[in-house]
Amino acid sequence: MSKKVLVVEDEQSISTLLKYNLEQAGFDALTAADGEEGIEMAISHKPDLMILDLMLPRLDGIEVCKQLRQKKIMTPILMLTAKDDEFDKVLGLELGADDYMTKPFSPREVIARVKAILRRSQVQSELMEEQEEEKPSIKIGDLTIYPEQYEAYFEEKLLEFTPKEFELLLFLSRNKGRVLTREQLLSSVWNYDFAGDTRIVDVHISHLREKIEINSKKPAYIKTIRGLGYKLEEPKS
């Protein structure tokens, strides 16, 4: 069965080009011309992946991404941006985009990125299913994480996370006691090579500490291992 890709792009020439090349590569391609239509089609057609332009009528790509993730729709997203667009990759990927490309691009490169994202998504999905079967919840100190529900509680209070914050917390918790480098976290949580830009990890760690630490300046859960990275551990009583 063909994988379904939804292209959300308001430039007709680019939309047609992407649809043609996706179909030539064996995908079932759907198109939407604005952000609101993109959200509606993502909900109704349940695509395996979305190619989402940043600058769209009605709702821009960032807002589309944000609303889908808030609705717990975790479809992988490849964001398209023009070279002169102001695009904060930290913000876009924090809100739940999986990768991004700048225009102009070659259709061959888009197809290669789509295939790579789908492969990673499949592996990640299978791994999460195995881990969830083994352990429906993870408890560390006063922190309880429910992977299947995408929920976490601290002292029985429901916490609010962006999708990537939750995935980072989940990955740290599943590797409790292990020192994880920033590069390992980038590769495992974001599935993307930032060519040495590890700022996104530090920003997310800071956000997590604000939510799960009693004193974020003296963390009991997420410890910084100087020169290496981070480690999540049971707080010492």
Non-hydrogen side-chain atoms of Leu208 and Glu213 separated by less than 4.5 Å: no
Carefully, step by step, assess His207 and Glu165 under the rule side-chain hydrogen bond (donor to acceptor under 3.5 Å, both in side chains). CA-CA 8 Å; His207 291 170; Glu165 285 171 3; 3.1 Å; yes
Work out which heavy atom in Phe161 is nearest to a heavy atom in Ala152; give both atom names and the distance. CE1-CB, 3.6 Å
Scanning both residues in full, the closest heavy-atom pair of Asp34 with Pro57 reads CB-O, 3.5 Å
If you take all heavy atoms of Leu6 and Gly38, which pair is closest and at what distance? CD2-O, 3.7 Å
When rounded to the nearest 0.5 angstrom, what is the spacing between CG in Leu185 and CD in Glu183? 9.0 Å
Worked verdict on Ser44 versus Glu40 for side-chain hydrogen bond (donor to acceptor under 3.5 Å, both in side chains): CA-CA 6 Å; Ser44 60; Glu40 290 167 8; over 6 Å; no
Less than 4.5 Å apart, side chain to side chain, heavy atoms only: is that true for Ile39 and Leu68? yes
Test of understanding: clusters of I, L, V, M, F, W, Y form through side-chain heavy atoms closer than 4.5 Å, transitively. Do Val179 and Ile205 belong to the same one? no
Is it true that atom CD1 of Ile225 has more than 12 heavy atoms of other residues, nucleotides or ligands lying nearer than 6.0 Å? yes
Ignoring hydrogens and geometry, is there a side-chain-to-backbone donor-acceptor pair from Lys164 to Val189 under 3.5 Å? yes
Mind checking whether Ile222 and Leu228 sit in one hydrophobic cluster, side chains of I, L, V, M, F, W, Y counted as touching below 4.5 Å? no
salt_bridge(Glu9, Lys19) N-O dist < 4.0 Å: no
Given 3.5 Å as the limit, does a donor-acceptor pair link the side chain of Lys72 with the main chain of Met74, or not? no
For Ser137 against Pro147, the heavy-atom pair lying closest together: CA-CD, 4.2 Å
Is any side-chain heavy atom of Phe171 closer than 4.5 Å to a side-chain heavy atom of Leu232? no
Is there side-chain contact between Phe27 and Val114, with at least one heavy-atom pair below 4.5 Å? yes
Rounded to the nearest 0.5 Å, the NZ atom of Lys66 sits from the CD atom of Gln70 at a distance of 6.0 Å
Is the shortest side-chain heavy-atom distance between Arg178 and Leu172 below 4.5 Å? no
For atom NZ of Lys223, is the number of surrounding heavy atoms from other residues, nucleotides or ligands below 6.0 Å larger than 12? yes
For Cys65 and Ile77 the tightest heavy-atom approach is SG-CD1, 3.8 Å
With the side chain counted from C-beta on, respond yes when Ile200 and Leu186 share a heavy-atom pair under 4.5 Å apart, and no when they do not. yes
Can you get from Leu17 to Ile111 by hopping between Ile, Leu, Val, Met, Phe, Trp and Tyr side chains that sit under 4.5 Å apart? no
Using side chain to side chain contact (heavy atoms under 4.5 Å, CB included), reason through Leu22 and Ile51 one step at a time and then give a plain yes or no. CA-CA 11 Å; Leu22 286 162; Ile51 298 177; 4.1 Å; yes
With rounding to the nearest 0.5 angstrom, report the CD1 to NZ distance, Ile145 to Lys139. 10.5 Å
Between Arg182 and Asp202, does the side chain to side chain contact (heavy atoms under 4.5 Å, CB included) criterion hold? Intermediate values first, please. CA-CA 8 Å; Arg182 291 172 175 82; Asp202 299 328; 2.8 Å; yes
Report yes or no: does Ser173 contribute a side-chain atom to a donor-acceptor pair with the main-chain N or O of Leu170 at less than 3.5 Å? yes
Would Tyr221 and Glu234 count as a side-chain hydrogen bond (donor to acceptor under 3.5 Å, both in side chains) if you check the C-alpha gap in whole Å, the side-chain angles of each, and the deciding distance to 0.1 Å? CA-CA 6 Å; Tyr221 288 86; Glu234 291 273 356; over 6 Å; no
With a sphere of 6.0 Å drawn around CD of Glu156, does it hold more than 12 non-hydrogen atoms of other residues, nucleotides or ligands? no
For a 4.5 angstrom cut-off between non-hydrogen side-chain atoms, does Glu167 reach Tyr150? yes
Glu37 side chain to Ala33 main-chain N or O, any donor-acceptor pair under 3.5 Å? yes
Closest approach of Arg69 to Pro163 (non-hydrogen atoms, all atoms of both residues): CB-CG, 3.3 Å
Leu52/Leu80 under side chain to side chain contact (heavy atoms under 4.5 Å, CB included): CA gap, chis, key distance, verdict: CA-CA 6 Å; Leu52 179 63; Leu80 297 180; over 6 Å; no
Test of understanding: clusters of I, L, V, M, F, W, Y form through side-chain heavy atoms closer than 4.5 Å, transitively. Do Tyr146 and Leu143 belong to the same one? no
Is the side chain of Asp48 donor-acceptor paired with the backbone N or O of Lys4 at a distance under 3.5 Å, no angle test? yes
Evaluate whether atom OH of Tyr20 has more than 12 neighbouring non-hydrogen atoms of other residues, nucleotides or ligands under 6.0 angstrom away. no
Verify, without hydrogens or angle tests, whether Arg113 (side chain) and Tyr100 (backbone) share a donor-acceptor contact under 3.5 angstrom. yes
Counting neighbours of CD on Glu160 that are heavy atoms of other residues, nucleotides or ligands and sit closer than 6.0 Å, is the number greater than 12? no
Note, Glu36 side chain near Leu56 side chain (heavy atom, < 4.5 Å): no
Measure from the side-chain N and O atoms of Ser15 to the backbone N and O of Glu11, and report whether any donor-acceptor pair falls under 3.5 Å. no
Just do the side chain to side chain contact (heavy atoms under 4.5 Å, CB included) check on His204 and Arg209 with the steps written out, would you? CA-CA 9 Å; His204 280 66; Arg209 282 175 170 162; over 6 Å; no
Under the ring-ring contact (aromatic ring centres under 6.0 Å, His included) rule, collect the residues that match up with Tyr230, sequence neighbours excluded. none
Pairing of Lys231 and Glu233 as salt bridge, 4.0 angstrom limit: yes
Within this structure, what is the OG1-CD1 distance for the pair Thr144 and Ile138, rounded to the nearest 0.5 Å? 10.0 Å
How long is the span from the CG atom in Asn175 to the CG atom in Leu180, to the nearest 0.5 Å? 5.0 Å
Working to the nearest 0.5 Å, report the span between OG of Ser2 and CD of Glu23. 9.5 Å
